[in-house]
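All residue numbers refer to positions in the sequence shown, counting from 1.
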Amino acid sequence: MGFFTILLILFLIFIVWPVVRTSIRIRSAMRDMTDRARQAAGSGFRNPSSAGQKRKRKKIDPNVGEYVEFVEISTVRDELNTDNSGNTSKFRTEQQIVDAEWVDIPDKK
């Protein structure tokens, strides 16, 4: 064997093989992570349109429901509060909502 043959064998053993072995381990770890993510997500991991499955229809008709009209109340008062030790603090109080009006939406059958 010549000097260059021995040098080539040493290069393969000490340089190329560790790089190949490391890349194989990285690829295996990435494949394991992908498989575990798919298992954790269950059937929701796949896109239904790409898998050839039909999308589920909504159970509640969008025309059924109630409409609630809210009114913004802009009355805010600043008040001062003094405790027993003489410290004064400032805070804001807002008027509370007493009732809300609502309208029934008729069923369209």
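A search for side chain to side chain contact (heavy atoms under 4.5 Å, CB included) contacts involving Arg31 returns Arg27, Asp35, not counting sequence neighbours. In terms of the side chain to side chain contact (heavy atoms under 4.5 Å, CB included) criterion, residue partners of Leu7 (sequence neighbours excluded) are, by chain and number, Phe3. For Ile6, the side chain to side chain contact (heavy atoms under 4.5 Å, CB included) criterion is met by Met1, Leu10, not counting sequence neighbours. Partners of Ile26 under the side chain to side chain contact (heavy atoms under 4.5 Å, CB included) rule, at least two apart in sequence or in another chain, are Thr22, Met30.
Connection of Trp17 to Ile9 is not established within any shared hydrophobic cluster, with ILVMFWY side chains joined at heavy-atom distances below 4.5 Å, either directly or through further cluster members. A chain of hydrophobic side-chain contacts below 4.5 Å, direct or via other Ile, Leu, Val, Met, Phe, Trp or Tyr residues, connects Ile24 to Ile15.
Side-chain heavy-atom separations under 4.5 angstrom define the hydrophobic clusters, and Met33 shares its cluster with no other residue.
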